[in-house]
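Contents: one structure, followed by commentary.
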Amino acid sequence: MSEHTFATRVSRWYERNARDLPWRVPGVGAWAILVSEVMLQQTPVVRVLPAYEAWLARWPTPAALAADPPAEAIRMWGRLGYPRRAMRLHDCAVAIVERHGGEVPDRLEQLLALPGVGTYTARAVAAFAYGQRHPVVDTNVRRVVSRAVAGEPDAGPATRPADLVATEELLPAEPAEAALASAAFMELGAVVCTARSPRCAVCPVESICAWRASGQAAPAGPTRRPQRYAGTDRQVRGLLLAVLRESSGPVPRQRLDQVWTDDVQRSRALAGLVTDGLVEPAGGETFRLAGDGPAIPAPALDA
DNA sequence: CTCCGGTCAG
DNA sequence: CTGACTGGAG
């Protein structure tokens, strides 16, 4: 298969079929791109849209977010899920201000060093915000490349170096064209080459897809190891955080005790939130979101 | 490798 | 009811 043909076909398809998403509007800054990418980690586009708009309206720059306490970021995150991302995005804003004068860095190395920015997000920002030529490999791209090139119906659970190499080989030489192709690969995986029910009939590379050529059936088992939610610490963390999010300032432990009956699990979940930096003890058997309200006053000394 | 939210289509 | 969703970090 010709790499050139593959990227060209998918890019041309993308130009005609791309969803109209706010972070794809020409001229959006690197900060907006970064915010969108972090929100989109493990979260579907349709749920990110409103949160993205609200977030950027309130914090249009890294400096604006860095100036507010983490508690505000956690609240604004709402029910997007994985609230540690809100914490890390706040930490990331602080790091951008401290290390890069408030400007999102454009070098891959510097991006990777930021909190909450990993292999995928760093390359996404470098490519989509700065037009650089990097393989941008998320779960969609892994699946598309795995099918089209290797002929495998499913990719592995995580991005490996080999995935980056395989994807890089499909990219056009011109940086701008490569960035466009990366967005196109992702869109193809999100809309056409989906995990369970691929729409091969409308796929622009159906005729040169190794998986189709192999005649293999659709993937059998789950793409990812099943994750339980009900009854897990994650659910309890979510319940605890919901109470803290809706309160202003410290919350008595007694109120947190009401969200879950199992003392052991509830305590473990709360301790985990503290360890992650999302929650902090506020004295007198109370807890609050990180940095919510005034600093903890030092114990008053008896005169 | 495991943990980490929350929602929704099938 | 399960699987999937533009991953990252310990």
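Just so it is clear: chains get the letters A, B, ... in the order the sequence lines come, proteins before strands, and each one is counted from 1.
Note: CG (A:L112) to P (C:dG7) measures 16 Å, nearest angstrom. Remark: P of C:dG8 and CG of A:L89 are 13 Å apart, rounded to the nearest angstrom. If you take CZ of A:R268 and P of B:dC3, they are 10 Å apart, rounded to a whole angstrom. For the pair A:L111 CG and C:dG8 C1', the interatomic distance rounds to 15 Å; values are reported in whole Å. A:R123 has its CZ atom 13 Å from the C1' atom of C:dG7, to the nearest Å. Distance, A:M186 CE to C:dC5 P: 12 Å, rounded to whole Å. Rounded to an integer number of Å, the gap from CZ of A:R142 to P of C:dA4 is 12 Å.
Side-chain atoms of A:S146 come within 3.5 Å of backbone N or O of A:D154 as a donor-acceptor pair. With hydrogens and angles disregarded, no donor-acceptor distance shorter than 3.5 Å links the side chain of A:R266 to the backbone of A:Q258.
Using a 4.0 Å heavy-atom criterion, one finds that A:R19 contacts the bases of the nucleic acid, with or without backbone contacts as well. Base contact: A:E37 has a heavy atom under 4.0 Å from a base atom. Contact annotation for A:T194: no contact, since no heavy-atom pair falls under 4.0 Å across all strands. Within 4.0 Å (heavy atoms only), A:V38 reaches no atom of the nucleic acid at all. As judged by a 4.0 angstrom heavy-atom cut-off over every strand, A:W77 is placed among residues making no nucleic acid contact.
Taking atom P in both B:dG5 and C:dG10, one finds a spacing of 15 Å when rounded to whole Å.
Each of A:R196 and A:V117 was matched to the nucleotide of DNA chain C holding its nearest heavy atom; the match closer to the 5' end belongs to A:R196. Nucleotides of DNA chain C nearest to A:G116 and A:W23 differ in position, and the one nearer the 5' end is that of A:W23.
The residues A:E177 and A:R133 are annotated as not salt-bridged, no charged nitrogen and carboxylate oxygen being separated by less than 4.0 angstrom. Using a cutoff of 4.0 Å between basic side-chain nitrogens and carboxylate oxygens, A:D68 and A:R58 are scored as salt-bridged. A salt bridge is defined here as a Lys NZ or Arg NE, NH1 or NH2 lying under 4.0 Å from an Asp or Glu carboxylate O, and A:R88 with A:D91 fails to meet this definition.
Residues A:T43 and A:R85 bring a donor and an acceptor atom of their side chains to less than 3.5 Å of each other. A donor-acceptor contact closer than 3.5 angstrom is absent between the side chains of A:R123 and A:T167. Inspection of the A:R253 and A:T286 side chains reveals no N or O donor paired with an N or O acceptor under 3.5 Å.
OP1 or OP2 of C:dA9 has not a single side-chain nitrogen or oxygen of A:R88 nearer than 4.0 Å. Distances shorter than 4.0 Å separate some side-chain N or O of A:T121 from OP1 or OP2 on C:dG8.
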Check your understanding: Reading nucleotides 4-10 of chain B from the 5' end, what letters show protein touch, with B for base, S for backbone sugar-phosphate only, - for no heavy atom under 4.0 Å?
Key -> BBBS---

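Listed by residue number, the members of residues 124-139 of chain A with any heavy atom below 4.0 angstrom from DNA chain C are A:D138, A:T139.
Aromatic ring centres of A:W77 and A:W55: separated by under 6.0 Å.
Around CD of A:E103, the count of heavy atoms belonging to other residues, nucleotides or ligands within 6.0 Å does not exceed 12.
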